[in-house]
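All remarks here apply to the structure that follows.
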There are 2 protein chains.
Amino acid sequence: MSQVERPGRHAPTLEEVAEHAGVSRSTASRAINGGLRVSPEAQSAVDRAIVALGYSPNRAARSLVTRRTDSIALVVPEPDERVLSDPYFARTLQGLSAALTDTEIQLVLIIARRDDGTQRTARYLRNQHVDGAVVVSHHRDDSLEEVLAGSRLPCVFVGRPWQSPETIQYVDVDNVLGGRRATEYLVQVGCRRVGTIAGPLDMAAGVDRLAGWREALAAAGLPDHAVARGDFTSSGGAAAMEQLLREHPDVDGVFAASDLMAAGALEVLRAHGRAVPEDVRLIGFDDLGVAASTAPPLTTMSNPVVEMSRVAAEVLLDQVAGRATSHAPRIFGAEVVVRASA
Amino acid sequence: MSQVERPGRHAPTLEEVAEHAGVSRSTASRAINGGLRVSPEAQSAVDRAIVALGYSPNRAARSLVTRRTDSIALVVPEPDERVLSDPYFARTLQGLSAALTDTEIQLVLIIARRDDGTQRTARYLRNQHVDGAVVVSHHRDDSLEEVLAGSRLPCVFVGRPWQSPETIQYVDVDNVLGGRRATEYLVQVGCRRVGTIAGPLDMAAGVDRLAGWREALAAAGLPDHAVARGDFTSSGGAAAMEQLLREHPDVDGVFAASDLMAAGALEVLRAHGRAVPEDVRLIGFDDLGVAASTAPPLTTMSNPVVEMSRVAAEVLLDQVAGRATSHAPRIFGAEVVVRASA
DNA sequence: CTGTTAGCGCATTCAG
DNA sequence: CTGAATGCGCTAACAG
């Protein structure tokens with residue numbers, strides 16, 4: 001009855017469970033790990049002992065012998081608040097968490113400072129501390145690819161790896177196509193002088209969405225000179241919009257590579273007396289909540305981050321388990337979500 | 001020179017480091033853990049071996065003997081996107097991460113589903129899997145307090161624990177005072193029919209901010225009937241504002257217990273043709289980014305979440321290390337941040 | 001199906 | 001200051 005642990009007592013051990021169940025350590029161990037080759041009686045005795053004692057296996061001891069840690073890392077290169085407060089990050093967490101919820105696998109968060117932290121992160125990842133890693137918000141120079149390629153650690157990138165997309169498995173949204181579709185939409189609704197607020201060009205999503213914008217304009221025979229670079233933040237988007245208005249005052253449509261940047265741009269447009277969508281049409285990217293809550297709501301591109309990172313986790317778990325997995329990247333589509341801004 | 005590990009090789013062990021350095025395991029171990037009672041020669045030989053081999057200690061093995069895991073948990077009760085996408089959460093992460101950056105301590109994220117997850121979380125926390133826990137977004141019925149009280153696990157709450165504020169250590173912003181100051185500000189700038197959009201009343205922050213609002217109105221001799229309850233989300237704030245306008249159409253000031261709710265309320269006010277701040281003055285709570293980017297920007301209460309959670313981590317590390325720590329809660333002040341909305 | 005045996009890699013007595 | 005011995009709690013052969 002009393003499965004209340006007396007305070008101060010140590011956590012119950014397998015030994016104690018076995019004793020309580022009247023079996024040997026090994027039988028108890030087997031009963032706990034799948035119950036293969038264990039008699040029903042032994043199994044239930046062990047099960048009862050576990051409940052009675054409030055037992056849960058010591059992960060350290062288990063790791064030591066299995067050489068697995070039952071934990072995976074989410075690696076986020078970038079120190080500052082930017083990434084963490086981006087809705088993208090929250091959704092990634094949500095997806096990973098969803099994939100892990102039915103497992104015993106823990107999620108370790110590694111926020112890698114750019115300067116000093118690289119070495120520590122590298123060692124940590126190289127030396128068996130986690131069974132695998134999901135990398136998000138990867139930048140060209142964060143050296144995560146080298147680190148992970150050098151190790152034998154299973155890993156999956158959320159977002160295309162910069163240098164080795166053929167050897168490192170990843171999930172991503174089709175950013176080029178997304179950028180193209182967004183821009184095509186602007187053209188289709190009548191824009192002829194279409195600018196873009198690009199994302200950071202040391203991130204794949206930044207360059208790809210920009211490339212998509214260029215593709216669409218080339219196909220439409222329109223000029224692609226009105227480019228300003230942002231950093232995926234709202235204030236970065238605002239600054240970029242200022243620049244765009246200064247250098248290309250006649251712009252009548254803008255594709256912002258993220259909703260956060262679009263939101264910043266929206267404010268600047270309003271401040272300059274440009275009505276959206278009447279004077280300037282604006283389309284964002286991501287549709288992770290902010291797009292719906294601006295005024296006017298932003299037309300944007302859907303980005304299935306939760307689903308994507310859920311898949312990333314599953315692919316990673318497959319790798320960890322040694323299950324054969326198609327090495328092809330998992331690419332998700334992005335659709336135009338029409339709202340008032342364009 | 002070549003500290004490049006041959007692929008496929010196992011991670012180097014202490015044994016190998018010792019051999020490479022020409023000392024015994026124990027000496028190598030001492031050299032690694034502080035270098036007490038180790039000759040300079042031995043120390044530097046070990047240091048060199050570590051670099052040469054790319055050694056880093058196996059945490060599982062170390063844990064097994066030290067009975068510490070060098071990891072702490074951030075426990076987030078609540079399944080859905082709400083919490084994760086709240087700027088509050090991002091800042092908490094930032095603060096914890098900052099406090100941990102100079103240590104070898106890892107952060108394990110535990111997103112506790114409300115339904116089934118409680119048991120698992122309880123076992124996990126009870127059985128030595130982490131050295132301590134920080135709890136954020138605690139609700140009255142999530143049973144985290146019982147679980148943690150029952151275990152001997154060091155823990156710190158970010159936000160006052162519901163039942164046992166005397167026995168569970170915590171950090172918090174002074175929510176009652178914050179709510180009062182916010183409301184006093186509204187009164188001071190001329191509001192006479194002041195409503196509030198309260199937070200969830202199963203969270204301490206929800207009830208406390210509401211209490212502060214009542215205090216201020218009582219002191220000013222104003223009625224405190226215009227209450228609508230939200231859930232700290234934007235849409236919840238919008239719904240609450242609708243209710244407020246319906247039940248108290250003459251309201252001329254609103255204290256929203258969070259900026260997200262204030263942002264939702266702002267849209268509803270605009271939709272109803274109420275100018276902010278001309279017709280209705282609006283003040284929020286948190287100032288974590290969203291307040292500055294609404295139109296008009298929100299007057300709000302500062303909330304030093306990053307600092308607070310940094311302190312939470314430090315307090316926790318003190319507990320873990322067995323360092324004596326004043327048991328008193330660490331309470332932070334909240335100041336009015338004046339912007340255009342009030 | 002079960003119990004016995006042997007480490008996993010490390011920190012830590014305890015002798016020297 | 002150093003090294004040899006011990007055991008943390010667990011899983012994985014192996015022999016019954």
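In what follows, chains carry the letters A, B, and so on, assigned in the order in which the sequence lines appear, proteins first and then strands, with residues in each chain numbered from 1.
A donor-acceptor contact shorter than 3.5 Å is absent between the side chain of A/S71 and the backbone of A/L107. Between the side chain of A/T13 and the main chain of A/E15, a donor-acceptor pair closer than 3.5 Å is present.
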Enumerate, atom names and distances included, each donor-acceptor pair closer than 3.5 Å involving a side-chain atom of residues 29-37 of chain A, sequence neighbours excluded.
| unit_1 | atom_1 | unit_2 | atom_2 | d |
| --- | --- | --- | --- | --- |
| A/N33 | OD1 | A/R62 | NH2 | 3.2 |

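Note on the helix from C/dC1-D/dG16 to C/dG16-D/dC1: terminal axis deviation equals 30°, with five pairs used at each end and the result rounded to 10°.
Residues in residues 305-328 of chain B take part in these salt bridge (charged side-chain N to carboxylate O under 4.0 Å, His left out) pairs, two or more places apart or across chains: B/E307-B/R310, B/R310-B/E314, B/D318-B/R323. Listed by first and then second residue, the salt bridge (charged side-chain N to carboxylate O under 4.0 Å, His left out) pairs involving residues 133-147 of chain B are B/R114-B/D141 (not counting sequence neighbours).
With sequence neighbours left out, A/R91 forms a salt bridge (charged side-chain N to carboxylate O under 4.0 Å, His left out) with B/E81.
Atom NE2 of B/H129 sits about 11.0 Å away from atom OG1 of B/T121, to the nearest 0.5 Å. Interatomic distance, CZ of A/R82 versus OG of A/S85, reported as 10.0 Å (0.5 Å rounding).
Contact annotation: A/S39 reaches the phosphate of C/dT2 (side-chain N/O to OP1 or OP2, under 4.0 Å). For A/T27 and C/dG3, the shortest distance from a side-chain N or O to OP1 or OP2 is below 4.0 Å.
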- Assign a letter to each nucleotide of nucleotides 9-16 of chain D from its 5' end: B, base within under 4.0 Å of a protein heavy atom; S, sugar-phosphate only; -, no contact. BBBBBB--
